[in-house]
Amino acid sequence: MAKRIKAIRGMHDILPEQTGLWQHLENTLSQVLHSYGYGEIRMPVIEVTELFKRSVGEVTDIVEKEMYTFADRNNESLTLRPEGTAGCVRAAEENGLLFNQVQRLWYRGPMFRYERPQKGRYRQFHQLGVETFGMAGPDIDAELILMSARFWHELGISEHLSLQLNSIGTKECRMRYNAALVKFLSERADQLDADSQERLNKNPLRILDSKNPETQALLNEAPVLLDFIDETSRDHLEKLCAILDSNGIRYELNTRLVRGLDYYSKTVFEWVTDALGAQGTVCAGGRYDGLVEQLGGKPTPAVGFAMGMERLILLLENISKPTDMVPVIDLYCIAFGFEEKKAQMVLAEKLRRFCPDAVVITHCGEGSFKNQLKKADKSGARFALVTGEEELKNNTVMLKPLRERSEQKSFSADDLAALAVAISR
């Protein structure tokens with residue numbers, strides 16, 4: 001017997017009984033995005049490696065440890081996308097969507113990072129991302145946060161998510177803060193955990209993200225980033241907060257909140273939950289005004305966010321207790337012989353056109369009436385539509401209820417309206 005081939009570790013199949021909840025999530029999010037006037041963009045899952053090195057940052061964990069990178073037949077270095085923003089900027093710039101224009105874009109799809117798989121964190125995972133271009137004010141930052149709050153409302157999970165907000169200022173602000181933070185931490189390096197000691201010389205801001213309790217206790221005495229931001233960034237944050245306040249959006253100013261990618265500036269935010277253990281962030285983003293220019297375009301203000309779909313699925317399962325999302329089957333069609341089957345398949349196609357929302361399954365393959373009826377019942381169908389020798393002769397069908405105690409009824413095969421009324425939910 002040949003050896004069974006299994007999925008790659010950290011890459012999971014999404015099975016039919018799970019896809020209903022995925023479709024519910026995806027449809028809800030896309031409807032909200034449509035209502036705000038955002039247009040969908042679809043990018044390749046593979047990009048040249050240089051795109052991510054120049055945007056994400058060469059001393060980030062993503063570039064140093066996590067990217068799936070390989071050489072193609074032309075010996076060009078390519079990478080499976082680890083995040084969506086860089087590819088969206090590349091696509092928008094390459095296709096002339098940015099200069100002197102305003103864009104509101106969104107995308108969804110798989111991302112890839114080589115890291116230790118755990119619940120809510122996989123090597124192939126799915127994100128929905130939103131990117132906006134050409135708007136520099138705090139109003140568009142607020143719009144993104146308000147829209148994400150609308151997501152949670154429509155999904156019924158608002159009470160389980162909280163918003164954390166910060167400003168990391170400009171690159172110059174962060175350089176000044178970096179110097180003060182490194183000075184403070186270098187004098188106490190022996191009190192840092194191993195990861196933070198490594199980050200001290202590479203990316204000291206990421207130490208603020210440390211989950212180590214001793215490091216977090218030490219950071220209570222460290223300089224605060226908000227004390228180093230410029231007046232423009234401070235005014236931007238104050239106006240953003242004012243808009244959120246006027247819309248009743250509750251938030252926490254988290255002075256340690258930074259994003260792990262090099263391209264962020266000014267506003268950063270995260271929606272977090274305590275219902276998923278360590279993987280508490282379900283949506284995160286911020287402003288990245290310098291990235292378009294960094295990738296070869298004209299200076300363009302930009303802000304966006306991304307959300308982890310697997311984590312939202314976990315949250316929906318843990319908190320919302322969603323009902324079964326598998327589509328309700330209305331009709332399971334049973335026929336006795338070939339001629340009956342042929343006539344019934346014609347009728348089934350007519351019903352699908354006449355009742356586009358109805359779910360109609362035709363039994364395919366062999367099977368006695370008893371066997372077919374068992375399969376109809378097992379499918380969960382509400383009715384069995386039976387065509388036998390007598391029905392074929394008389395151009396009728398028999399509608400047999402499977403989920404309620406009522407009499408089966410005969411209908412003309414031509415009376416689609418009467419059948420539609422009989423199976424209506």
Lys/Arg N to Asp/Glu carboxylate O, Lys239 vs Asp235, below 4.0 Å: yes

Tell me, do Thr85 and Tyr107 make a side-chain contact under 4.5 Å, heavy atoms counted? yes

Do other residues, nucleotides or ligands put more than 12 heavy atoms under 6.0 Å from the CG atom of Asp190? yes

Could you tell me the separation between the NE2 atom of His24 and the CD atom of Glu154, rounded to the nearest 0.5 Å? 9.5 Å

If you apply the rule salt bridge (Lys or Arg N to Asp or Glu O under 4.0 Å), what do you find for Arg352 with Asp357, and how did you get there? CA-CA 8 Å; Arg352 290 181 181 114; Asp357 293 331; over 6 Å; no

If you count heavy atoms of other groups shown closer than 6.0 angstrom to CG of Leu15, is the number above 12? yes

About how many Å separate CD1 of Ile41 and CZ of Arg104, when rounded to the nearest 0.5 Å? 15.5 Å

Grab the two heavy atoms, one from Ala348 and one from Val360, that are nearest each other, plus how far apart they are. CB-CG1, 4.2 Å

Just wondering, do Leu225 and Arg256 contact through their side chains at under 4.5 Å, heavy atoms? no

Do other residues, nucleotides or ligands put more than 12 heavy atoms under 6.0 Å from Met11 CE? yes

If you measure from CG on Leu419 to SG on Cys355, what distance do you get to the nearest 0.5 Å? 8.0 Å

Can you check side chain to side chain contact (heavy atoms under 4.5 Å, CB included) on Tyr38 and Gln103, steps first, answer last? CA-CA 8 Å; Tyr38 283 66; Gln103 296 290 350; over 6 Å; no

Do Leu257 and Gln164 have side-chain heavy atoms sitting under 4.5 Å apart? yes

Are His160 and Trp152 close enough that their ring centres sit under 6.0 Å apart? no

For the pair Arg234 and Glu238, find out whether any cationic side-chain nitrogen is under 4.0 Å from an anionic carboxylate oxygen. no

Please assess Asp330 against Leu351 for the test side chain to side chain contact (heavy atoms under 4.5 Å, CB included), listing each intermediate value before the final yes or no. CA-CA 11 Å; Asp330 296 296; Leu351 279 170; over 6 Å; no

Under the rule for salt bridge (charged side-chain N to carboxylate O under 4.0 Å, His left out), what residues qualify as partners of Glu187, not counting sequence neighbours? Lys183

Is a side-chain donor or acceptor of Thr170 paired with a backbone partner of Cys173 at a separation under 3.5 angstrom? yes

Check: Asn74 side chain, Glu76 main-chain N or O, donor-acceptor pair, under 3.5 Å: no

From Asn212 CG over to Asp195 CG, what is the distance, rounded to the nearest 0.5 angstrom? 9.0 Å

Can you find a side-chain donor-acceptor pair between Trp271 and Thr281 that sits under 3.5 Å? no

Tell me whether the centres of the aromatic rings in Tyr68 and Tyr114 are closer together than 6.0 Å. yes

Glu50/Lys53 salt bridge by N-O under 4.0 Å criterion: no

Below 4.5 Å, heavy atoms only, C-beta onward: do Phe125 and Met309 meet side chain to side chain? no

Go through it in stages, so that I can follow the logic: the residues are Phe151 and Thr28, the test is side chain to side chain contact (heavy atoms under 4.5 Å, CB included), and I'd like the CA-CA distance, side-chain angles, deciding distance and then a yes or no. CA-CA 7 Å; Phe151 291 155; Thr28 301; over 6 Å; no

Side-chain heavy atoms of His236 within contact of Asp141, under 4.5 Å: yes

Presence of salt bridge, Asp245 and Arg250, under 4.0 angstrom: no

Test your reading of the model: is there a side-chain donor-acceptor pair from Arg108 to the backbone of His126, 3.5 Å cut-off? no

How long is the gap from CZ on Arg123 to CZ on Phe112, to the nearest 0.5 Å? 13.0 Å

Rounded to the nearest 0.5 Å, what separation is found between the OG1 atom of Thr300 and the CE atom of Met135? 11.0 Å

Under-4.0 Å salt bridge between Arg81 and Glu83: no

Using the ring of each side chain (for Trp, its six-membered ring), is Phe133 parallel, tilted or perpendicular to Tyr288, with breaks at 30° and 60°? perpendicular

Test: Glu93 and Lys298 ion pair at under 4.0 Å: no

From CA spacing to verdict: salt bridge (Lys or Arg N to Asp or Glu O under 4.0 Å), Arg42, Glu40: CA-CA 7 Å; Arg42 302 187 181 190; Glu40 183 181 6; 3.0 Å; yes

Any donor and acceptor pair, going by atom type alone, linking the side chain of Asn27 with main-chain N or O of Gln23 inside 3.5 Å? yes

Main chain of Ile334, side chain of Gln344: is a donor-acceptor contact present, judged purely on distance under 3.5 Å? yes

Flag if over 12 foreign heavy atoms under 6.0 Å of CE, Met345: no

Is there a donor-acceptor contact under 3.5 Å from the side chain of Gln408 to the main chain of Pro401? no

Side-chain contact, heavy-atom cut-off 4.5 Å: Met67 with Pro82? yes

Start with the C-alpha distance between Thr215 and Gln197, add both sets of side-chain angles, then the distance that settles side chain to side chain contact (heavy atoms under 4.5 Å, CB included), and finish with yes or no. CA-CA 10 Å; Thr215 298; Gln197 288 178 354; over 6 Å; no

For a 4.5 angstrom cut-off between non-hydrogen side-chain atoms, does Leu218 reach Leu192? yes

Main-chain N/O of Leu165 paired to Asn254 side chain as donor or acceptor, under 3.5 Å: no

Does Ser233 use its side chain to pair, donor to acceptor, with the backbone of Ile229 at less than 3.5 Å? no

Of the options Lys171, Glu172, Arg176, which is the one that meets Arg174 in a side chain to side chain contact (heavy atoms under 4.5 Å, CB included)? Lys171

Does a donor on one side chain sit under 3.5 Å from an acceptor on the other, for Tyr332 and His363? yes

Check whether Gln124 reaches the backbone of Met111 with its side chain - one donor and one acceptor, N or O, closer than 3.5 Å. no

Does a salt bridge link Arg90 with Glu47, judged by any charged N lying under 4.0 Å from a carboxylate O? yes

Is there a side-chain contact between Ile140 and Glu143, using heavy atoms and a 4.5 Å cut-off? yes

Donor-acceptor check, side chain of Thr49 to backbone of Ser77, threshold 3.5 angstrom: yes or no? yes

